[in-house]
2 protein chains.
Amino acid sequence: MTQTPAIKSPSARARILTAAKSRFAAAGFEGTSTRQIAEKAGVAQSLLLYHFASKDELWRAVMDAQFERADALRQAVTVSDSLSIEDRLMAGVDAFITLCAEDPDLHRLMTIEGRSKSDRLEWLVETHLRRFFGPTRDLIVEGQKQGVIRNGDPVLLYYTIIAIAGSVFSFEPEMSLLEPRNNAQNRETVSALIRQVLFAQGS
Amino acid sequence: MTQTPAIKSPSARARILTAAKSRFAAAGFEGTSTRQIAEKAGVAQSLLLYHFASKDELWRAVMDAQFERADALRQAVTVSDSLSIEDRLMAGVDAFITLCAEDPDLHRLMTIEGRSKSDRLEWLVETHLRRFFGPTRDLIVEGQKQGVIRNGDPVLLYYTIIAIAGSVFSFEPEMSLLEPRNNAQNRETVSALIRQVLFAQGS
DNA sequence: TATGATCCTGATCAATTGATCAAGGACAGT
DNA sequence: ACTGTCCTTGATCAATTGATCAGGATCATA
């Protein structure tokens, strides 16, 4: 069996993944060269293409790792427990906020390739995004039926949540250029804003 | 005087600007090649660098044109009329929503370069973004003093507005991949969502 | 129809891109 | 010491990048 490499020497491969993540998040796929990643990881450029078949596959590996971390979010929404719809939805939202606050790269990676149709965006949607969107959307629709959640296009509501939760953290460079700031209790504020949007009394 | 070219033949130069705008919005500065723009504009690649000194300057010209269109927005917020803070702020918000709905490229151009610090982002912030941010921020702060607008970091509130208003329209490709949709009355919904965020009774 | 300025193109440049390959190092098991 | 597998590097490839340049259209004015 030439397969089952299981755990290769973690150091170099892991350093490549880390470097690639931060570069892809900052400049996008096209804006990042394999040599930039290699330099940041402290390895030869040719080593990237030994561990990953192509730049494209390296990008996919980065995405896979990111969304593995995010799976706790999906579970929070999916578990059909005795919890109310409101609680389940906000559990997912807060999990997402936590992820974004811990590592702004997640939201950047999710969105930076999403501006124009491309094979990469299509892969991202089908492989990862849909798994989060599906259950969350169902929850929103059900909440609307029960009159707990404001009416309106559920996809629009879903994207509004993503936009509020993510952009506050991922646009930190731009925001701090505009005005020096203190991001101490952003998480609570963002959570309150989203709650306002979802559960407002307005139709 | 070799200067004062004033109005050059509009057709080619304008076609270049239009093509550049849509490419830059879709793929960002680094993800777009001058040849792609030239092909879309139906001109030779060398013509881009006849009309604009460099790719960088072409990008800046695109941005200048975009923000010229957006100046109505700034005026709506700036005019210190008899209007209430609430009305002035929502006038600006609705103007921004209209701009984003008419042309999703505006929000994409504003944000696609804003993920990592770069000379381009710095130029964008200092030359354009600050002119919009300043008056709007002042309005938010004044509204908070009067107890009309919810408390919290004004920069965060500002960015939340931008995020809600813009991303709903600019992520249309991604959203329609997730689910076929009808964007008929998005504008009213978005406006209502933002109003909810700004003027909610919550602290 | 000359003149001159403006607009536009194709050829070409050096630099950078993702990718490939030969070669050797590290290190285990025999 | 020998073998074989996995890891890593440097040299190098064709393709693409932004930029430059010489020269030809085009067109108003004289």
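Bear in mind the structure is a predicted one, so any value in this text is a computation, not a measurement. Chain A is the first sequence line, chain B the second, and so forth, proteins listed ahead of strands; every chain is numbered from 1.
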Between B:Leu48 (CG) and D:dA19 (P), how many Å, whole number?
10 Å

What I want to find out is whether A:Glu179 reaches B:Arg137 closely enough, with some N-O distance under 4.0 Å, to be called a salt bridge.
yes

Let's go through A:Arg35 and A:Glu39 carefully: what are the C-alpha distance in whole Å and the side-chain angles of both, what is the deciding distance for salt bridge (Lys or Arg N to Asp or Glu O under 4.0 Å) to 0.1 Å, and is it a yes or a no?
CA-CA 6 Å; A:Arg35 279 172 181 80; A:Glu39 189 189 18; over 6 Å; no

Among residues 17-31 of chain B, which contact DNA chain D at a heavy-atom distance under 4.0 Å?
none

Any cation-pi pair here, A:Arg150 with A:Phe199, using under 6.0 Å and within 45°?
no

Using atom types as modelled and distance alone, determine if a side-chain donor or acceptor of A:Ser170 lies under 3.5 Å from a backbone N or O of A:His107.
no

Distance check: side-chain N/O of A:Tyr50 vs OP1/OP2 of D:dC7, anything under 4.0 Å?
yes

Show each protein N/O and nucleotides 21-28 of chain C N/O combination with a separation under 3.5 Å, one pair to a line.
none

Over 12 foreign heavy atoms within 6.0 Å of CD, B:Glu188:
yes

Listed pairs under 3.5 Å, donor-acceptor, residues 156-169 of chain B side chains, sequence neighbours left out:
residue: B:Tyr159; atom: OH; partner: A:Glu174; partner atom: OE2; Å: 2.6
residue: B:Thr160; atom: OG1; partner: B:Leu156; partner atom: O; Å: 2.7
residue: B:Ser167; atom: OG; partner: B:Ala163; partner atom: O; Å: 2.4

Between C:dT12 atom P and B:Leu49 atom CG, what is the distance in whole Å?
19 Å

Nearest-angstrom distance from the residue atom CG of B:Leu47 to P of C:dT9:
5 Å

D:dG18 P sits how many Å from B:Glu57 CD, rounded?
16 Å

Tell me: CZ of A:Arg13 to C1' of D:dC6, nearest whole Å?
13 Å

Output the distance between atom CG (B:Asp119) and atom NZ (B:Lys117), rounded to the nearest 0.5 Å.
12.5 Å

Is the backbone N or O of A:Ile16 less than 3.5 Å from a side-chain atom of A:Lys40, with the two atoms forming a donor-acceptor pair by type?
no

Which of parallel (below 30°), tilted (30 to 60°) and perpendicular (above 60°) describes A:Phe132 and A:Phe67?
tilted

Could you identify which residues of residues 58-66 of chain A place a heavy atom less than 4.0 Å from some atom of DNA chain C, listed by residue number, or say none?
none

OP1 or OP2 of C:dT6 sitting under 4.0 Å from any side-chain N/O of B:His51?
no

I'd like to know if the side chain of A:Arg181 and the backbone of A:Met175 have a donor-acceptor N/O pair within less than 3.5 Å.
no

Testing B:Arg108, B:Arg60, B:Arg120 one by one against B:Glu113 for a salt bridge (Lys or Arg N to Asp or Glu O under 4.0 Å), which residue passes?
B:Arg120

Atom NZ of B:Lys55 to atom P of D:dA19: distance rounded to whole Å?
8 Å

Taking CD in B:Gln75 as the centre, count heavy atoms belonging to other residues, nucleotides or ligands within less than 6.0 Å. Is the count above 12?
yes

Please give, in whole Å, the distance from C:dT16 P to A:Gln45 CD?
13 Å

Tell me, please, which residues at least two apart from A:Arg69 pass salt bridge (Lys or Arg N to Asp or Glu O under 4.0 Å).
A:Glu102, A:Asp103

Residues of residues 34-44 of chain B with a heavy atom under 4.0 Å from any atom of DNA chain C, listed by number, are B:Arg35, B:Val43, B:Ala44

Between the main-chain N or O of A:Ala101 and the side-chain N or O of A:Arg187, is there a donor-acceptor pair closer than 3.5 Å?
no

